[in-house]
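One structure below.
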Amino acid sequence: MSPSSLSVLAEEQLTLARATGSGRSARTLHGGPTTLLRQTLVALVAGHALAEHASPGDATLQVLCGRVRLTAGDQTWPGSAGDLLVIPDAHHALHADEDAVVLLTVARG
């Protein structure tokens, strides 16, 4: 396995997100349907969001660049570059306050 530059991959995903109407792009970096750990790079353009969805299990978001808000019900957790957010075990959404890239890590099973 060769190392990957998260900075380079983040910029690539952000470029792709800026070119889409949805304002988002994602790429799985590690894992798949048969692994316990999955890591996905998610880019969101400012003003766009991942709509409310169910919790995938134990999961965290590491903010690589930009600013985001993780919301669940009436609770909100802000995140900026360098922050690690624990995803609650509840329906939640992710909003981009400015162009942002996060690394989503999910432990399944």
Side-chain angles (χ1 to χ4, degrees):
M1 179 178 139
S2 61
S4 298
S5 168
L6 288 177
S7 298
V8 170
L9 294 171
E11 192 55 44
E12 289 173 358
Q13 289 307 301
L14 204 45
T15 298
L16 292 170
R18 289 175 179 140
T20 68
S22 68
R24 64 181 185 228
S25 179
R27 176 180 170 188
T28 298
L29 302 179
H30 175 77
T34 61
T35 62
L36 296 178
L37 180 69
R38 183 177 198 140
Q39 291 185 299
T40 304
L41 206 57
V42 179
L44 289 171
V45 175
H48 287 81
L50 295 177
E52 188 173 281
H53 55 280
S55 180
D58 286 343
T60 61
L61 282 177
Q62 179 182 358
V63 184
L64 300 178
C65 65
R67 289 185 310 115
V68 297
R69 283 175 291 121
L70 178 64
T71 61
D74 61 355
Q75 293 186 295
T76 300
W77 299 271
S80 57
D83 288 346
L84 182 69
L85 304 174
V86 176
I87 297 175
D89 186 17
H91 278 79
H92 60 278
L94 183 66
H95 308 269
D97 292 328
E98 58 186 45
D99 289 0
V101 180
V102 299
L103 180 64
L104 169 65
T105 301
V106 178
R108 299 181 301 190

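Quick note: residue numbers are just sequence positions, from 1.
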Going through the distances and angles, do Ile87 and Leu104 end up as a side chain to side chain contact (heavy atoms under 4.5 Å, CB included)? CA-CA 9 Å; Ile87 297 175; Leu104 169 65; 3.5 Å; yes
Residues Arg24, Leu50; criterion side chain to side chain contact (heavy atoms under 4.5 Å, CB included); working and verdict: CA-CA 8 Å; Arg24 64 181 185 228; Leu50 295 177; 3.4 Å; yes
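Each of Leu9, Val8, Thr15 was scored for a side chain to side chain contact (heavy atoms under 4.5 Å, CB included) with Glu11, with one residue passing: Thr15.
Atom NE2 in His48 sits 12.5 Å away from atom OG in Ser25 (nearest 0.5 Å). Taken from OG1 in Thr105 to CG in Leu61, the straight-line distance is 8.5 Å, to the nearest 0.5 Å. The OG atom of Ser80 lies 12.0 Å from the CG atom of Leu64; values are rounded to the nearest 0.5 Å.
Arg108 places a side-chain N or O within 3.5 Å of a backbone atom of Thr35 that can act as its donor or acceptor partner.
Applying the side chain to side chain donor-acceptor pair (under 3.5 Å) rule to pairs touching residues 84-101 yields Arg18-Asp99, His53-His92, Arg67-Glu98, Arg69-Asp97, Thr71-His95, sequence neighbours excluded. The ring pair (Phe, Tyr, Trp, His ring centres under 6.0 Å) pairs that include a residue from residues 57-88 number zero, where partners must be two or more places apart or lie in different chains.
In this structure, Val45 and Ala96 approach most closely via the heavy-atom pair O-CB, 3.5 Å. Pro88 approaches Ala72 most closely through the heavy-atom pair CG-CB, 3.7 Å. What you find for Gly79 and Leu85 is that their closest heavy atoms are CA-CD1, 4.2 Å. Closest approach of Ala93 and Ala51 over heavy atoms only: CB-C, 4.0 Å. The two residues Asp83 and Pro78 have their closest heavy-atom pair at OD2-O, 4.3 Å. Between Val101 and Ala43, the shortest heavy-atom distance links the atoms CG2-CB, 4.0 Å.
Under the 4.5 Å side-chain heavy-atom criterion for Ile, Leu, Val, Met, Phe, Trp and Tyr, Val42 and Val106 are members of the same hydrophobic cluster. The same ILVMFWY cluster, assembled from side-chain heavy atoms under 4.5 Å apart, contains both Leu14 and Leu41. Residues Leu94 and Leu103 are members of separate hydrophobic clusters, defined by side-chain heavy-atom contacts under 4.5 angstrom among Ile, Leu, Val, Met, Phe, Trp and Tyr. The hydrophobic cluster containing Leu6 does not contain Val68, counting ILVMFWY residues as joined when their side-chain heavy atoms lie under 4.5 angstrom apart, directly or transitively.
With no hydrogens or angles considered, no side-chain donor-acceptor pair links Thr40 and Arg27 at under 3.5 Å.
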